[in-house]
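As structure tokens, the structure follows; a few thoughts come after it.
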Amino acid sequence: MATATATEGTETNDDGARPWQSYHTVYTTAKAGMDGVDKEKVQRTVYEMSKGSKYFQNEERKDAFITQKIDKIRTQCDKLTQADLSHFQKVADRRILELEALRDLSRIWLHVDMDAFYAAVETLSNPTLKGKPMAVGSMSMISTANYEARKFGVRAAMPGFIARKLCPELIFVPTDFKKYTHYSDLTRTVFRRYDPNFMAASLDEAYLDITEVCKRRNIKSEEIAEELRTSVYEETGLTCSAGVAPNRLLAKVCSDINKPNGQYVLPNDRMAVMTFISSLPIRKIGGIGKVTEHILKAVFGINTCEQMLEKASYLCALFSQSTADFFFSVGLGLGKTDSPEVRFRKSISNERTFSATEDEVLLYKKLAELAEMLSTDMQKEGLCGRTLTLKLKTSSFEVRTRAMTLRKYISSREDILKHASELLKAELPLSVRLIETDVSIGSCQRSRDPVDGNHSSDVNCQSGTGWSSEEIQTSGNNASCSNYGQVKEAVESTFPIQGQFEDTSTLNLSNLLEDERLNSCEDKTMLWLNDYKCSLCGIELPPSFVEDRLEHSDFHLAEKLQKEESRIHQRTSVSGQSWDQKNRITRESISKKQKLSQKEGSYRPIDYFFLLKSNKNRPS
DNA sequence: GCGGATCAC
DNA sequence: TATGGTGATCCGC
């Protein structure tokens, strides 16, 4: 609400001017280790340090925009008649019942969150930092602050120069991701023992499905959490906090409750969940950020999760179905409970901030550097994409994005630079402080999950732990190309090249994928002999049968995967105890992969492809 | 498909 | 002096 205009309006008020109160930062929202902080003082300092800056002005502009949005929603709200409301109440009630019916209390999820991770790691490698206020980051931006620094109001995402004002003795330590990755790996070794399929959310957070381990060892989740945290400490020297709950959304909320170095268990009981959720501020829920909280509070007076249900008719009337579903789920304390589904990345990008400049030569030079790096990253992962997006942040902090979807998939430095330069050229002259290049990998329609929707903070799944259901089968001749690296990685992780799974067939599989990549991405002919005949089965498909050839490759891939699975399964079924775990995803992926050979639910036999030659315009 | 925006870490 | 980088998703066109 309090926008720039409101700020100026109150500055000269009789009842004392406190303009800083209306500057909406995220720095004072309740965070672990922030109890007892003089929030007013922090808020005032942040305001004083920011006031008048380009950044601040942009924040004001954004704030004004949100106010407009709120006004618009209010207007719509006022227009609702009693009849409308009773209608939407019915719709909402039914939807809430449907969602309630999906409640799953059969799984036990644990969310682990390392305490002040980067800062804790830095303190391990330099113990003289212990007990002193310290932040990882720079004068421009802080990544993490230790608990001593948090007492001063210093926290992540705060610029360092403001942090130093709040805490003059603050020690700054530059980020060192190699170090954090190393320690992250150590923690993951522990996580794996409790759930080999755990979902890494970031370097310092993970979700574990501990249902099985509780059952197998016949102990309570609470004990598992204690034990896991002890192990993490013993093996890394780092403390963490844990939350246990029937779903991931709640587990995440729970891990924050007794932070640092604590845990909280929410039992798998509907009443317990409803009680827990009833007074919980919506801002605690992953996916509800500063803006959403602001809007829901300003328009509907919603503060707690429970109120999401009380205002259900309004939410139903004024938001999209998927958004309303998400809000209702929050009110019901529902969240995802399914086993981790590994997803392929959808985009790859890089961006750099520099001191703002209008110098076009310089800007093109920056762009060239980004294109170079992006291309390298893409090739490292074997990715191609056909939608290129250029993002610019102007010296006034306004953000512009310009995108183009190309006919061909690209990954080379030259291609990226050529097209990105066209996009940049159209924007010049312009004073720019940040450039980002982004290539999106594929486009496919996702079905929405009614429970978490796409709203909740979802997990960046670990790469290479299985198959995704999507993307591989996306349209076009290059879909498989664009995912080649991820496919390969997934296969190699599912069928590791070393160790007990070593087998020449694995290499063949890699070759097949390689074939597919070359064939579809570069339009070369590894799989297609003389650019005409399939090297594996001899079927003849001319190059112009682009889609058919892709499907054909996919057919062989699926077939191959199936063979691999049965062979490896045979060999490991005797001794491989962890196989079931590994296989869980593999089986899914293969069945999904098989869908590549299906269209509209009907399976197509290999013979089908022989008919294609003479019937290009087949019924689809 | 595009562009603006939100969100998380 | 000075407010990040990467990835995902949603809404309204």
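Just so it is clear: chains get the letters A, B, ... in the order the sequence lines come, proteins before strands, and each one is counted from 1. Both backbone and side-chain heavy atoms feed into the values below; hydrogens, waters and symmetry mates do not.
Sequence order on DNA chain C of the closest nucleotides to Asn350(A) and Lys72(A) puts Asn350(A) first from the 5' end. Mapping Ala157(A) and Gln321(A) onto DNA chain C via the closest heavy atom, the residue that lands nearer the 5' end is Ala157(A).
Taking every side-chain heavy atom of Arg402(A) into account, dG4(B) is the closest of dT3(C), dT6(C), dG4(B). Considering only side-chain atoms of Phe161(A), the nucleotide from dC2(B), dT3(C), dC7(B) that sits closest is dT3(C). Nearest to the side chain of Ile162(A), among dC2(B), dT3(C), dC9(B), sits dT3(C). Distances were taken from every side-chain heavy atom of Ile348(A) (C-beta onward) to each of dT6(C), dC7(B), dG7(C); the shortest belongs to dG7(C). Side-chain atoms of Glu351(A) lie closest to dT6(C) of the nucleotides dG7(C), dT6(C), dT3(C). Ranking dA2(C), dA8(B), dT3(C) by closeness to the Tyr27(A) side chain, first place goes to dT3(C). Among dC11(C), dT3(C), dG4(C), the nucleotide with an atom closest to any side-chain atom of Thr323(A) is dC11(C). In the set dT6(B), dG7(C), dA2(C), dT6(B) carries the atom at the smallest distance from any side-chain atom of Ile66(A). When distances are taken from the side chain of Ala403(A) to each of dT3(C), dT6(C), dC2(B), the shortest belongs to dC2(B). Between dC11(C), dA8(C), dT3(C), one nucleotide has an atom nearer to the side chain of Arg345(A) than all others, and that is dA8(C).
Counted within 6.0 Å of NZ on Lys69(A), heavy atoms from surrounding residues, nucleotides or ligands total 12 or fewer; the atom is thus considered open.
With sequence neighbours left out, Glu205(A) forms a side chain to side chain donor-acceptor pair (under 3.5 Å) with His111(A), Lys252(A). Considering only residues two or more places apart in sequence or on other chains, Gln379(A) meets the side chain to side chain donor-acceptor pair (under 3.5 Å) condition with Ser375(A). The ring pair (Phe, Tyr, Trp, His ring centres under 6.0 Å) search around Phe177(A) returns Tyr118(A), Tyr180(A), not counting sequence neighbours.
In this structure, Ile142(A) reaches neither bases nor backbone, as no heavy-atom distance under 4.0 Å exists between it and the strands shown. Heavy atoms of Met158(A) sit nowhere under 4.0 angstrom from any nucleic acid atom. Lys54(A) comes within 4.0 angstrom of no nucleic acid atom, judged by non-hydrogen atoms across all strands. Residue Glu59(A) is out of contact with every strand shown, counting any heavy-atom pair closer than 4.0 Å. Across all strands, Ser53(A) comes closer than 4.0 Å to base atoms (heavy-atom distances). Residue Ser50(A) is in base contact, counting any heavy-atom pair closer than 4.0 Å across all strands shown. Across all strands, Lys165(A) comes closer than 4.0 Å to no nucleic acid atom at all (heavy-atom distances). Using a 4.0 Å heavy-atom cutoff across all strands shown, Ile285(A) reaches sugar-phosphate atoms only and no base atom.
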* Show your reasoning for whether side chain to side chain donor-acceptor pair (under 3.5 Å) applies to Thr437(A) and Asn350(A). => CA-CA 6 Å; Thr437(A) 56; Asn350(A) 59 0; 2.6 Å; yes

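The aromatic rings of Trp109(A) and Tyr207(A) lie perpendicular to each other, with more than 60° between the two planes, well past the 30° mark.
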Without placing hydrogens or testing angles, list every side-chain donor-acceptor pair under 3.5 Å for residues 396-404 of chain A, not counting sequence neighbours.
unit_1, atom_1, unit_2, atom_2, d
Ser396(A), OG, Thr394(A), OG1, 3.0
Ser396(A), OG, Glu398(A), OE2, 3.2
Arg400(A), NH1, Glu427(A), OE1, 2.8
Arg402(A), NE, Glu427(A), OE2, 2.9

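Contact between the side-chain N/O atoms of Thr292(A) and the OP1/OP2 oxygens of dA5(B) is not found at any separation under 4.0 Å. Residue Ser320(A) places at least one side-chain N or O closer than 4.0 Å to OP1 or OP2 of dC11(C). Lys69(A) has no side-chain polar atom (N or O) that falls below the 4.0 Å cut-off from OP1 or OP2 of dG12(C). Between dT6(B) and Arg283(A), no contact under 4.0 Å exists linking OP1 or OP2 to a side-chain N or O.
Of the possible polar contacts, none joining the Asp209(A) side chain to the Thr337(A) backbone as a donor-acceptor pair under 3.5 Å is found.
Taking the ring centre of Tyr47(A) as origin, the terminal cationic atom of Arg44(A) falls outside the region bounded by 6.0 Å and 45° from the ring axis.
Separation of the P atoms belonging to dA8(B) and dT3(C) is 23 Å when rounded to the nearest angstrom.
Residues from residues 172-185 of chain A lying near DNA chain C, meaning a heavy-atom separation below 4.0 Å, are absent. For residues 430-439 of chain A, proximity to DNA chain C is found at Arg433(A), Leu434(A), defined as any non-hydrogen atom under 4.0 angstrom from a strand atom.
Residue Asp325(A) contributes atom CG, which lies 17 Å from atom P of dT9(C) at whole-angstrom precision. Taking atom CD1 on Ile295(A) and atom P on dT6(B), their separation rounds to 8 Å, with Å as the unit. For the pair Glu205(A) CD and dC7(B) P, the computed distance is 17 Å after rounding to whole Å.
Ring to ring, Phe319(A) and Phe326(A) are not that close: their centroids are 6.0 angstrom or more apart.
A salt bridge is defined here as a Lys NZ or Arg NE, NH1 or NH2 lying under 4.0 Å from an Asp or Glu carboxylate O, and Glu369(A) with Lys366(A) fails to meet this definition.
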